[in-house]
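Here the structure is laid out as structure tokens; the discussion comes afterwards.
Note that the coordinates shown come from a computational prediction; the quantities given were computed from them, not determined experimentally. Order of the sequence lines fixes the chain letters, A, B, ..., with proteins taken first and strands second; residue numbering starts at 1 for each chain.
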Protein chains: 2
Amino acid sequence: MKTVRILCLNKQQNGIMNKEKLSYIEETGILFEQLGMTRMAGRIFGLLIVSDQNTVSFNHIQEVLNASKGSISGTTKQLIAVGFIEPVSLSGDRKTYFRISKMRAGTILKARLSLFYKFSDVIDKGNALKEKEDEISDWLREISAFYKWLGGAVDELIIRWEVVKDTIMENQAKDHEKSEK
Amino acid sequence: MKTVRILCLNKQQNGIMNKEKLSYIEETGILFEQLGMTRMAGRIFGLLIVSDQNTVSFNHIQEVLNASKGSISGTTKQLIAVGFIEPVSLSGDRKTYFRISKMRAGTILKARLSLFYKFSDVIDKGNALKEKEDEISDWLREISAFYKWLGGAVDELIIRWEVVKDTIMENQAKDHEKSEK
DNA sequence: CATTTAGTTCAAAAACTATTGAACCAAATG
DNA sequence: CATTTGGTTCAATAGTTTTTGAACTAAATG
């Protein structure tokens with residue numbers, strides 16, 4: 001038997017969503033935090049992933065996550081701004097619903113890489129400030145060139161993904177079938 | 001109180017390092033912060049970049065950055081751990097010196113990508129928790145497959161860089177010469 | 001047009017992270 | 001072997017970010 005306290009907490013939430021899903025939601029929270037967003041943003045994203053409804057209402061999010069309206073309001077706005085989720089409205093219903101936004105594969109990647117281009121610029125700038133060439137000057141130029149080249153290379157990669165995608169995913173589905181037999 | 005402190009800071013530091021370099025160091029501080037490390041880590045990295053000495057002593061870092069010994073000690077340890085800088089010791093000299101560690105181009109990239117593999121796993125796990133297939137199930141599988149595929153694709157990319165590097169950097173040097181004429 | 005419902009805003013509180021500084025240890029020097 | 005120097009550790013503080021909650025607007029409903 002579990003302790004009373006935990007039971008109470010869970011009772012409130014178990015009526016709405018099962019334990020596994022709740023712990024999954026916490027996991028996405030931690031992941032998003034590591035990716036530089038807030039824990040709450042990750043929780044909302046995770047909730048929308050495991051929810052078996054197509055869209056989830058503001059109110060439902062608030063109930064499941066047990067957070068304040070202010071927090072949900074601010075964080076959904078953030079998630080919409082970066083393109084992770086989108087709001088859905090229905091005529092004859094004043095509520096706002098949310099769903100996962102089907103971003104193109106590679107969009108998140110490209111967004112993250114933008115910091116590397118900045119990294120490259122900063123390296124150049126530092127190199128220019130040095131009064132003399134030295135041991136690391138060449139290395140700095142190479143690092144900078146690599147990250148500049150990377151932008152185009154990754155664009156090509158994303159195009160190649162579109163080409164190979166179907167084959168890769170078919171094989172994956174087959175493998176999955178096999179392992180089930 | 002604040003104003004006085006900043007004035008003092010500049011006076012003290014100008015004797016050691018010029019204004020441009022100091023402001024560069026602050027810039028790398030901000031960049032590293034955006035990359036998820038501390039401002040102090042970025043400052044130390046920036047200082048090592050623009051320093052015209054091959055190695056820089058603990059003490060010198062402390063003086064230029066006007067920070068506590070504890071902060072320098074902790075942050076250099078961090079930077080060493082992630083491979084950005086390395087400590088150098090000399091026999092007959094009990095001081096510790098530091099220099100930029102010449103990481104292979106692509107190492108930082110690979111490290112950053114590791115979070116995406118985790119992202120991919122988390123997406124899979126979420127998909128498995130759903131009670132029924134729905135609108136986003138296919139999309140989730142695609143996103144997950146993309147980030148799994150990406151690991152290998154980026155390894156290939158890094159190998160290709162090694163091949164094209166010299167040509168790209170030669171051209172760059174030529175372009176630079178031209179623009180100077 | 002008063003009431004209810006849905007969501008927003010923002011100041012304050014809570015939680016978390018980075019930095020300091022003083023006490024400390026360990027190696028080199030006199 | 002006492003002293004000086006170079007660095008580490010960690011509790012306390014400063015600074016930053018996240019979350020709350022109460023007051024508010026705006027739209028739908030009776």
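Between Asp93(A) and Glu33(A), the one whose closest nucleotide on DNA chain C sits nearer the 5' end is Asp93(A). Between Ser71(B) and Ile72(A), it is Ser71(B) whose nearest contact on DNA chain D lies nearer the 5' terminus. For Arg94(A) and Ala67(B), each mapped to the nucleotide of DNA chain C holding its nearest heavy atom, the one lying further toward the 5' end belongs to Arg94(A).
Taking atom CG on Asn59(B) and atom C1' on dG6(D), their separation rounds to 9 Å, with Å as the unit. Rounded to whole Å, the distance from CD1 on Ile44(B) to P on dT19(C) is 9 Å. Following rounding to the nearest Å, Ile80(A) (CD1) and dT8(C) (C1') show an atom-to-atom distance of 13 Å. The nearest whole Å value for the distance from the CE atom in Met37(A) to the P atom in dT17(D) is 15 Å. Remark: P of dA27(D) and CZ of Phe58(A) are 17 Å apart, rounded to the nearest angstrom. When the C1' atom of dT4(D) is taken as reference, atom NZ of Lys95(B) falls 13 Å away, rounded to whole Å. What separates CD of Gln62(B) from P of dG21(C) is a distance of 10 Å, to the nearest Å. For the pair Leu65(A) CG and dT18(D) C1', the computed distance is 15 Å after rounding to whole Å.
Counting only heavy atoms from C-beta outward, the side chains of Arg160(A) and Leu157(A) approach each other to under 4.5 Å.
With hydrogens and angles ignored, a donor-acceptor pair under 3.5 angstrom links the side chain of Lys69(A) to the base of dG7(C).
Using a 4.0 Å cut-off between a side-chain N of Lys or Arg and a carboxylate O of Asp or Glu, Asp134(A) and Arg99(B) do not qualify as a salt bridge. Residues Arg141(B) and Asp138(B) are paired through a salt bridge, judged by an N-O separation under 4.0 Å between the basic side chain and the carboxylate.
Taking the six-membered ring for Trp and thresholds of 30 and 60 degrees, Phe119(A) and Phe116(A) have ring planes more than 60 degrees apart, a perpendicular arrangement. Ring orientation note: the planes of Phe32(B) and Phe84(B) are nearly perpendicular, at an angle over 60° on the 30°/60° scale.
Nearest nucleotide to the side chain of Ser68(A), out of dG21(D), dT19(C), dT8(C): dG21(D).
In terms of phosphate contacts, Lys77(A) brings a side-chain nitrogen or oxygen within less than 4.0 Å of OP1 or OP2 of dT8(C). Taking 4.0 angstrom as the limit, Thr96(A) places a side-chain polar atom (N or O) nearer than this to OP1 or OP2 of dG7(C). Contact check, Ser73(B) against dG7(D): no side-chain N or O comes under 4.0 Å of OP1 or OP2.
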